[in-house]
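To start, the structure under review is shown below, and the notes come after it.
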Amino acid sequence: MRVPGRLFATEALVRAMDNKVFEQVRNVATLPGIVSASLAMPDAHWGYGFPIGGVAAFDEDGIVCMGGVGYDISCGVRLVRANIPRGEVSPKVLGRLADDLFTTIPAGLGSEGAIKVTEGRLEELLDQGARFVVEQGYGRSEDLPFIEELGSVPGADPSKVSAHAKRRQRSQLGTLGSGNHYLEVQQVDAIHDSTTARVLGLRAGELVISIHCGSRGLGHQIATDYQHTMAAATSSYGFTLPDRELVGAPLKSAEGLAYLGAMRAAINYALANRQVLTDLLRQSFERVLPEAELEVVYDVSHNTCKEEEHVVDGHRQRLWVHRKGATRALGPGWPHHPSAYESIGQPVFIGGSMGTSSYVLAGTSEGMRRSFGSACHGAGRALSRTAAKQRFRGDQVVRELAAQGILVRSHSVRGVAEEAPGAYKDVGEVVAAVEAAGLSTTVARLLPVISVKG
DNA sequence: ATGTTC
């Protein structure tokens with residue numbers, strides 16, 4: 001190991017962790033150019049090469065690893081506030097909203113949207129992200145300051161994205177996908193930090209909407225393509241690795257630069273995807289609940305590699321920070337923050353599971369020192385998908401949640417069983433561990449009202 | 001996560 005491994009968690013969470021996580025944290029610590037420590041968040045679990053919940057930063061002489069980002073490039077969460085109290089919406093209207101969202105928001109494996117992007121326009125989309133789709137009429141220019149990187153990460157290189165990856169996304173812009181992706185209408189249940197909540201426009205009892213999804217088939221295909229490129233690079237640059245899943249290329253190499261260019265294109269695709277979904281969301285609310293006024297609170301990813309400046313051992317350094325299942329949570333004054341958020345750290349959105357809480361957090365200066373400005377990303381599974389399917393029945397889960405007043409609309413009964421609340425750890429415990437470690441502070445808790453899933 | 005095993 002070149003650096004120590006460091007795990008942020010409570011004793012109970014460490015005991016619940018797969019031993020594979022510790023092995024993977026240790027493996028990542030051996031990689032060329034890694035700085036300070038190989039980190040894992042309290043929701044860490046076994047992933048491809050890196051643990052999901054893993055954070056690792058490399059200096060310019062280090063490498064970039066596709067396993068440090070994962071297959072769902074730039075998966076993330078956008079929070080939108082509706083500026084209307086739940087109490088002002090009747091159960092009947094909530095039911096109509098659930099049905100309208102279910103028909104309006106394309107979701108599910110292989111789901112397709114109504115938008116076809118021609119090849120020429122796709123290059124612009126991959127280069128400009130949410131900024132491009134706003135110009136095309138999806139959403140408002142006022143949304144852009146409230147998206148990470150102002151809606152468009154620089155340095156994307158669409159020419160490094162394979163024709164196959166481009167083809168796979170053909171009808172996928174503005175779609176949720178499947179698995180743990182969802183669109184959820186929630187109510188602000190508890191305010192933990194009233195000052196920051198006020199800055200974010202979050203008021204107890206009001207409705208908000210979380211959109212959790214990524215770059216769909218495009219990002220997945222980029223990861224698959226570069227897995228092969230990186231394997232070839234690893235052997236040609238003569239790295240010896242503890243795990244072949246950790247293949248990577250020097251940051252300055254042709255292969256490394258190509259991956260970074262393609263990965264940033266996928267980031268822009270994901271930002272555009274969530275922007276188009278926001279537009280569909282507004283259309284749905286406009287039909288059913290026109291009193292609502294939908295404004296973007298923020299949009300943040302949890303599967304990325306980003307070039308950032310951090311202070312390490314007293315001096316400022318340019319680093320490439322891999323966050324895989326770890327939310328960027330930069331401290332106050334972070335680059336590209338909207339002026340309205342001058343006084344607070346980067347907003348962080350932690351999804352629980354269907355039927356449980358989600359949390360809004362904010363990054364801290366201490367998190368900058370301890371985790372390169374990173375936090376957890378979710379509850380983390382307690383049961384595998386297979387185990388969850390054996391334990392739960394999807395139709396029964398839907399009925400039980402309906403009895404609690406939570407409306408689930410899903411394209412897949414089996415998917416609901418896999419995503420049952422009982423298949424996940426307690427998200428509150430994970431969030432408490434992040435806060436105890438000083439990585440972020442808790443701002444508000446959200447409770448589900450309507451859940452739209454693939 | 002993923003046209004869920006090229």
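Model, not experiment: these values are computed from the prediction. Computed over heavy atoms, backbone and side chain alike; hydrogens, waters and symmetry mates excluded. Chain identifiers are assigned alphabetically (A, B, ...) following the order of the sequence lines, protein sequences preceding nucleic acid strands; residue numbering begins at 1 within each chain.
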(request) Send over the distance from A:Arg170 CZ to B:dT2 P, rounded to a whole Å. (result) 17 Å
(request) Let me know the distance between NE2 of A:His181 and P of B:dT2, rounded to the nearest Å. (result) 5 Å
(message) Could you tell me how far apart A:Tyr48 (OH) and B:dT4 (C1') are, to the nearest whole angstrom?
(response) 17 Å
(message) Can you tell whether the side chains of A:Glu112 and A:Arg170 come within less than 4.0 Å, N to carboxylate O?
(response) no
(message) Just to be sure I understand the rule, does A:His212 reach a base, reach only the sugar-phosphate, or reach nothing, if contact means heavy atoms closer than 4.0 Å?
(response) nothing
(request) Would you mind reading off the distance between A:Leu176 atom CG and B:dT2 atom P, rounded to a whole angstrom? (result) 10 Å
(request) Rounded to the nearest 0.5 Å, what's the gap from OH on A:Tyr71 to NZ on A:Lys324? Could you check? (result) 8.5 Å
(request) Compare side-chain N and O positions of A:Ser178 against OP1 and OP2 of B:dT2 and report whether any pair is under 4.0 Å apart. (result) yes
(message) Counting the atoms with a prime plus P, OP1 and OP2 as sugar-phosphate, which does A:Arg414 contact under 4.0 Å by heavy atoms, base, sugar-phosphate, or nothing?
(response) nothing
(request) With sequence neighbours excluded, tell me which residues meet salt bridge (Lys or Arg N to Asp or Glu O under 4.0 Å) with A:Arg274. (result) A:Asp299
(message) Taking the ring of A:His411 and the ring of A:Phe102, is the distance between their centroids below 6.0 Å?
(response) yes
(request) To the nearest Å, give me how far apart CD (A:Gln221) and C1' (B:dC6) are. (result) 11 Å
(request) Check whether the ring centres of A:Tyr341 and A:Phe146 lie less than 6.0 Å apart, and answer yes or no. (result) yes
(request) Under the salt bridge (Lys or Arg N to Asp or Glu O under 4.0 Å) rule, collect the residues that match up with A:Glu184, sequence neighbours excluded. (result) none
(message) Just the rounded figure in Å: distance from P of B:dT4 to NE2 of A:His220.
(response) 9 Å
(request) Please list, by residue number, the residues of residues 101-116 of chain A whose heavy atoms come closer than 4.0 Å to an atom of DNA chain B; answer none if no residue qualifies. (result) A:Leu109
(request) Figure out the OH/P separation between A:Tyr71 and B:dT2, and round it to whole Å. (result) 14 Å
(request) May I ask you to say what A:Gly179 touches in the nucleic acid, namely base, sugar-phosphate or nothing, with a heavy-atom cut-off under 4.0 Å? (result) sugar-phosphate
(request) Could you state the atom-to-atom distance from CE of A:Met66 to P of B:dT2 in whole Å? (result) 15 Å
(message) For the CE atom of A:Met368 and the CZ atom of A:Arg370, what is their distance to the nearest 0.5 Å?
(response) 14.5 Å
